[in-house]
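If you're wondering where the values come from, they're calculated on a predicted model, not measured in any experiment. These numbers come from the heavy atoms of this one structure, side chains and all, not from hydrogens, waters or symmetry mates.
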Amino acid sequence: MKKRVMIIAAMAAVVGVIGLFLLTRPRVLGNMSSRCSEPTTETSDISFSGEAGDRIKFSLESDIVDGELDVVLYDSAGNEAYVLDRAGKLETFFTLERADTYTLAAACSQFVGTYTISVYMVDSAAPPHPGRS
């Protein structure tokens, strides 16, 4: 009997840990990548909606042989909200200031090389407290 209770408790703990992971894991908002062997000038983008207070994670890997790669997050009015640093490998976070539709643009100018960018929602803004506006 004692063995059965321990097995059930262990299974409940595993289910709890898995459930917690599934509830808190980052949600993928989008990915983009490019491989250019000849000088290329183009812009790729992904858009997503966010709320004020949402925490966004950007993962960027690049190998720039020549040219430029600028990665910028824009709000729906076309204003720069965040500019990602130029780096071979970068993980950075940004907290959205307001609810909006955002666009992450990767602008290549005479670019030769590769890049991969992933965007995740790490933490969502807390829902409003009942009875408060």
Side-chain angles (χ1 to χ4, degrees):
M1 181 70 168
K2 202 175 198 183
K3 187 176 182 180
R4 186 176 286 165
V5 170
M6 289 178 59
I7 291 172
I8 291 171
M11 289 175 59
V14 168
V15 169
V17 168
I18 291 172
L20 183 62
F21 170 76
L22 292 175
L23 290 173
T24 61
R25 73 173 182 223
R27 182 173 54 109
V28 177
L29 298 174
N31 298 296
M32 64 179 140
S33 63
S34 184
R35 179 179 305 272
C36 303
S37 56
E38 298 289 324
T40 303
T41 299
E42 65 183 12
T43 300
S44 299
D45 60 51
I46 54 175
S47 295
F48 59 91
S49 296
E51 299 296 324
D54 285 350
R55 190 163 181 237
I56 307 300
K57 175 183 175 184
F58 301 99
S59 293
L60 166 67
E61 288 190 41
S62 66
D63 179 20
I64 301 172
V65 176
D66 197 15
E68 293 186 21
L69 171 65
D70 295 310
V71 183
V72 179
L73 180 67
Y74 295 97
D75 63 17
S76 62
N79 300 312
E80 286 184 2
Y82 186 66
V83 178
L84 276 71
D85 292 331
R86 294 181 182 176
K89 188 169 186 174
L90 171 73
E91 276 196 358
T92 188
F93 297 85
F94 179 72
T95 301
L96 302 179
E97 293 180 13
R98 66 180 182 279
D100 203 350
T101 298
Y102 293 87
T103 300
L104 184 69
C108 299
S109 177
Q110 296 299 305
F111 178 79
V112 178
T114 62
Y115 71 84
T116 302
I117 305 168
S118 298
V119 183
Y120 304 91
M121 173 80 66
V122 179
D123 296 317
S124 294
H129 187 281
R132 294 185 187 168
S133 53

[X] with [Y], same ILVMFWY side-chain cluster at under 4.5 Å:
X	Y	value
Tyr115	Ile64	yes
Met121	Val119	yes
Val112	Leu60	no
Leu90	Val72	no

Could you state the interatomic distance from [atom1] ([X]) to [atom2] ([Y]), rounded to the nearest 0.5 Å?
X	Y	atom1	atom2	answer
Met32	Thr43	CE	OG1	9.5 Å
Phe111	Cys36	CZ	SG	5.5 Å
Asp123	Thr95	CG	OG1	8.0 Å

Kindly indicate whether the side chain of Lys57, heavy atoms from C-beta on, has any atom under 4.5 Å from the side chain of Ser118.
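The answer is no, as the side chains (C-beta and beyond) never meet within the 4.5 Å cut-off.
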Less than 4.5 Å apart, side chain to side chain, heavy atoms only: is that true for Tyr120 and Ile56?
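Counting from C-beta outward, Tyr120 and Ile56 never come under 4.5 Å.
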For [X] and [Y], which heavy atoms make the closest approach, and how far apart are they?
X	Y	value
Ser33	Thr116	CB-OG1, 3.7 Å
Thr114	Arg35	CG2-NH1, 3.4 Å
Gly50	Leu96	CA-CD1, 3.6 Å

I need the full list of ring-ring contact (aromatic ring centres under 6.0 Å, His included) pairs touching residues 59-92, with sequence neighbours left out, sorted by first then second residue.
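As it turns out, the ring-ring contact (aromatic ring centres under 6.0 Å, His included) pairs with a partner in residues 59-92, which skip direct neighbours, are Phe58-Tyr82, Tyr82-Phe94.
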Side chains of Gln110 and Thr40: donor-acceptor distance under 3.5 Å anywhere?
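Not at all, the side chains of Gln110 and Thr40 share no donor-acceptor pair under 3.5 Å.
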With side-chain contact (heavy atoms from CB on, under 4.5 Å) as the criterion, how do Lys89 and Ser62 come out once you've worked through the C-alpha distance, each side chain's angles and the decisive distance to 0.1 Å?
CA-CA 6 Å; Lys89 188 169 186 174; Ser62 66; over 6 Å; no
Name the atoms and distances for all side-chain donor-acceptor pairs under 3.5 Å in residues 100-107, with sequence neighbours left out.
{"unit_1": "Asp100", "atom_1": "OD1", "unit_2": "Ser76", "atom_2": "OG", "d": "2.6"}
{"unit_1": "Asp100", "atom_1": "OD2", "unit_2": "Ser76", "atom_2": "N", "d": "3.2"}
{"unit_1": "Asp100", "atom_1": "OD2", "unit_2": "Ser76", "atom_2": "OG", "d": "3.2"}
{"unit_1": "Tyr102", "atom_1": "OH", "unit_2": "Arg98", "atom_2": "O", "d": "2.7"}
{"unit_1": "Thr103", "atom_1": "OG1", "unit_2": "Ser47", "atom_2": "OG", "d": "2.8"}

Quick one: list whatever passes side-chain contact (heavy atoms from CB on, under 4.5 Å) with Asn79, sequence neighbours left out.
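Once residues adjacent in sequence are excluded, the partners of Asn79 under the side-chain contact (heavy atoms from CB on, under 4.5 Å) criterion are Asp75, Ala77.
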